[in-house]
Enquirer: 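Below you will find the structure I want to go over with you.
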Amino acid sequence: MAVGAPAIISTFQTGIRRRGKEDNHSYYVSRLYGPSEPRSRELWVDVAEANRSQVKAHRILSNTHRQASRVVLSFDFPFYGHPLRQITIATGGFIFMGDVIHRMLTATQYVAPLMANFNPGYSDNSTVAYFDNGTVFVVQWDHVYLQGREDRGSFTFQAALHRDGRIVFGYKEIPMSVLEISSSQHPVKAGLSDAFMVLNPSPEVPESRRRTIFEYHRVELDPTKITSMSAVEFTPLPTCLQHRSCDACMSSDLTFNCSWCHVLQRCSSGFDRYRQEWLTYGCAQEAEGRTCEDFQDEDHYSSSPESSFSPFEGDLTTTSSSLFIDSLTTEDDTKLNPYAGEDGLQDNLSPKTKGPPVHLGTIVGIVLAVLLVAAIILAGIYINGHPTSNAALFFLERRPHRWPAMKFRNHPNHSTYTEVEPSGHEKEGFVEAEQC
């Protein structure tokens, strides 16, 4: 089934801004340090004094405008509880944290110390550099200028991703108020955002599916607090995803409504990057009104060698719930779900219930179908190469008066960023809807 069409972005929940230096945003706690506080200087990573072999000035990003480049980290960075190994650095003062590369990188799934219309290509002194020592990954936008506002001076700031999940924004030179930066040509944001992706049938093309991005959380910083020599530190809070067992999940005292999905062997609130699997495997319905003891009893019941049922009855009884889940496990589902075929389904399926044997008639039917398709293909190749043959004339005389036309949908180009790495990743246009 084809996957295409623009995605739609909407917001379920946003971070809460409160007065004071410490804010609780459900997923992170942020602490703001002003220019006079020593902690702001302690958090700044001096890239110039770091090991030169660990610092790389990106040659292309340092000389272009509205470009982005993928970089592989040397460690797994937990972002909203999801371990990430690849990120995408953009010239516009932010890091894109999503898996699917598209052109609307500014919409969601970002770490943005100061997202704006920066143009590193304006000056030879402007650089976009990154530093990775195995415990922290730092991206620094050094002496970059705003497009069309070069007279206001250069900006120098950085974003540090720590291995323990902390995120630090450091601001060394902010020559103007962030409120004065125009957002007419480029979004102006400071904070964090994450989203999940689901596949929905396209109403316009029934046989295709549309990628839809839903932003489930955002942290917005107060732009008046972003000044020279200030810093912001984000400390991650526990999420449902950290629980690895049903007991730990169900007894969690987190503010999230954690539920245990026995098929996926995963604890989740249902709002994270794995939501597609959560929906596909019916995890919300499975967990409703169930306890960990219920799941344990089902496992013991389905695998008990002392069952008094006959083999046929046992197949119908012990795997009634598992068969429904297994019927959803298509090739695409397996690619989406890293647990498919492992702990989640293997625990529920005994060797006798993995499916009926393939009969001889089925094999013969498959072989005949393959031969028929091959014959049609060969006939098409022959007719195409011999247009004056009797077979070609036979089909030509019996052609319908109106052949069905192929319709291609032209979507508006919402391109704002292009990837500078070699091609090979699918890029799609994204439409940003109004926030809910």
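The chain is numbered in sequence order, starting from 1. FYI, side chains are in, hydrogens and waters are out, and symmetry mates aren't considered; it's all heavy atoms of this structure.
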Enquirer: How are the rings of Trp141 and Phe157 set to each other: parallel, tilted or perpendicular (split at 30° and 60°)?
Expert: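 Trp141 vs Phe157 ring planes: parallel.
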
Enquirer: Would you say the ring centroid of Phe256 lies under 6.0 angstrom from that of Tyr27?
Expert: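 Yes, ring centres under 6.0 Å apart.
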
Enquirer: Regarding Cys283 and Cys261, I want to know if their SG-SG distance comes in below 2.5 Å, which is how I'm defining a disulfide.
Expert: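 Cys283 pairs with Cys261 as a disulfide (SG atoms under 2.5 Å apart), so yes.
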
Enquirer: Can you tell me how the ring of Phe271 sits relative to the ring of Phe196, calling it parallel under 30°, perpendicular over 60° and tilted otherwise?
Expert: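 Ring orientation of Phe271 relative to Phe196: tilted.
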
Enquirer: For the residue pair Phe234 and Tyr28, categorise the inter-ring angle as parallel (less than 30°), tilted (30 to 60°) or perpendicular (more than 60°).
Expert: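 The arrangement is perpendicular - the two ring planes meet at more than 60°.
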
Enquirer: So which atom in Thr91 and which in Phe118 form the shortest heavy-atom distance, rounded to 0.1 Å?
Expert: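 Nearest pair, atom of Thr91 first, then Phe118: O-CB, 3.6 Å.
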
Enquirer: Does the distance from Cys258 SG to Cys240 SG come in under 2.5 Å?
Expert: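 The sulfur gammas are closer than 2.5 Å, so yes.
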
Enquirer: If every non-hydrogen atom of Ala160 is compared with every non-hydrogen atom of Val138, which pair is closest and at what distance?
Expert: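 Minimum heavy-atom contact is CB-CG2, 3.9 Å.
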
Enquirer: Hey, is Cys267 close enough to Cys249 that the SGs sit under 2.5 Å?
Expert: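 Cystine link detected, SG atoms below the 2.5 Å cut.
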
Enquirer: Would you give the length of the straight line joining atom CH2 of Trp260 to atom CD of Glu286, rounded to the nearest 0.5 angstrom?
Expert: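 Nearest 0.5 Å value for the CH2-CD distance: 10.0 Å.
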
Enquirer: Establish, yes or no, whether the cationic atom of Arg266 lies under 6.0 Å from the six-membered ring centre of Tyr274 and within 45° of the ring axis.
Expert: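 Yes.
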
Enquirer: Examine Tyr130 together with Phe137 and report whether their ring centres are nearer than 6.0 Å.
Expert: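 Tyr130 vs Phe137: aromatic centres under 6.0 Å.
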
Enquirer: Should the pair Glu220-Arg218 be classified as a salt bridge under the 4.0 Å nitrogen-to-oxygen rule?
Expert: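 Salt bridge between Glu220 and Arg218, a charged N being under 4.0 Å from a carboxylate O: yes.
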
Enquirer: Is there side-chain contact between Gln109 and Ser193, with heavy atoms separated by less than 4.5 Å?
Expert: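 Result no, sub-4.5 Å side-chain heavy-atom pair not found.
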
Enquirer: If I take atom CG from residue Leu279 and atom CG from residue Asn200, how far apart are they, to the nearest 0.5 angstrom?
Expert: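 One gets 9.0 Å once the value is rounded to the nearest 0.5 Å.
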
Enquirer: Do Thr106 and His186 have side-chain atoms, one donor and one acceptor, less than 3.5 Å apart?
Expert: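 No, no side-chain donor-acceptor pair sits under 3.5 Å.
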
